[in-house]
Amino acid sequence: MKALMFAAAAGLALFSTVPATAQGIGHSWLMRGSIVGNDDAGPVVCIGKADGAEVGQVLEVYRNVPVAGSSYKGAGPTFRRQAVGHVRIDHIYDEHFAHVSVTDGTPTKHDIVELHRN
């Protein structure tokens, strides 16, 4: 009986850590490097102190666009990256997010931002 109670407690402890782990995975793999929305200060990107972002950096913005005639079952890519503009980091407000201003182009929510390094 004690072994069953221990196993149940261990299982509950394991499942209680899932939301915290998922949040880290969400930032690392799903949102990082994307325009996540707008607020009163302007566009918000999922790049912050934890990513080494600095105020004044100019980021290139790309949009994933479907490749005509392709499918996920084919041998070629189904999407390609299309350059749509640039944004400048104005304010980094925590480990994961920053406000940006559009310097050129037409960036929108869900577009990808990345620092071009020489």
Side-chain angles (χ1 to χ4, degrees):
M1 183 71 172
K2 285 186 179 181
L4 181 59
M5 288 176 44
F6 177 76
L12 286 173
L14 176 66
F15 286 117
S16 67
T17 62
V18 171
T21 305
Q23 182 179 8
I25 290 170
H27 172 72
S28 297
W29 296 101
L30 302 176
M31 292 183 346
R32 181 185 292 165
S34 64
I35 298 175
V36 295
N38 286 296
D39 65 14
D40 293 339
V44 176
V45 295
C46 186
I47 290 181
K49 293 176 189 174
D51 303 302
E54 297 177 11
V55 172
Q57 286 177 321
V58 175
L59 307 171
E60 295 180 356
V61 184
Y62 298 94
R63 185 168 299 140
N64 289 325
V65 294
V67 174
S70 64
S71 73
Y72 70 92
K73 294 180 183 180
T78 57
F79 290 90
R80 66 177 172 79
R81 292 169 24 126
Q82 176 182 0
V84 293
H86 295 87
V87 294
R88 177 178 292 111
I89 297 177
D90 296 329
H91 173 244
I92 300 168
Y93 62 89
D94 72 4
E95 294 296 311
H96 303 291
F97 297 99
H99 287 112
V100 297
S101 56
V102 176
T103 59
D104 65 81
T106 57
T108 60
K109 186 175 179 179
H110 304 299
D111 285 346
I112 299 168
V113 294
E114 60 183 45
L115 179 63
H116 179 70
R117 298 180 190 262
N118 294 326

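Heavy atoms only: backbone and side chains are in, while hydrogens, waters and symmetry mates are out. For reference, positions follow the sequence shown, starting with 1.
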Minimal heavy-atom distance between Val67 and Arg80, with the atoms involved, is CG2-N, 3.9 Å
All heavy atoms of Arg63 vs all of Val84, minimum pair found to be NH1-CG1, 3.7 Å
Less than 4.5 Å apart, side chain to side chain, heavy atoms only: is that true for Val45 and Ile35? yes
Using a strict threshold of under 4.0 Å (side-chain N to carboxylate O), is an ion pair present between Arg81 and Glu114? yes
Where do Val44 and Phe97 come nearest, in terms of heavy atoms and distance? CG1-CD2, 4.0 Å
Report the C-alpha separation of Val87 and Val102 in whole Å, then their side-chain angles, then the decisive distance to 0.1 Å, and conclude whether the side-chain contact (heavy atoms from CB on, under 4.5 Å) test is met. CA-CA 4 Å; Val87 294; Val102 176; 4.2 Å; yes
Calculate, to the nearest 0.5 Å, the distance between atoms SG and NE2 belonging to Cys46 and His96 respectively. 7.5 Å
With rounding to the nearest 0.5 angstrom, report the CG to CG distance, Asp111 to Leu59. 12.5 Å
Do Ile112 and Val65 share a hydrophobic cluster, counting only Ile, Leu, Val, Met, Phe, Trp and Tyr and linking them when any side-chain heavy atoms are less than 4.5 Å apart? no
Applying side chain to side chain donor-acceptor pair (under 3.5 Å) to Asp104 and not counting sequence neighbours gives His86
Could you pull out all residues at least two apart from Asp90 that satisfy side-chain contact (heavy atoms from CB on, under 4.5 Å)? Arg88, Ser101
If the condition is ring pair (Phe, Tyr, Trp, His ring centres under 6.0 Å), which residues does His99 pass it with, not counting sequence neighbours? His91, Tyr93
Give the minimum heavy-atom separation between Ala53 and Ile89, together with the two atoms involved. CB-CD1, 3.8 Å
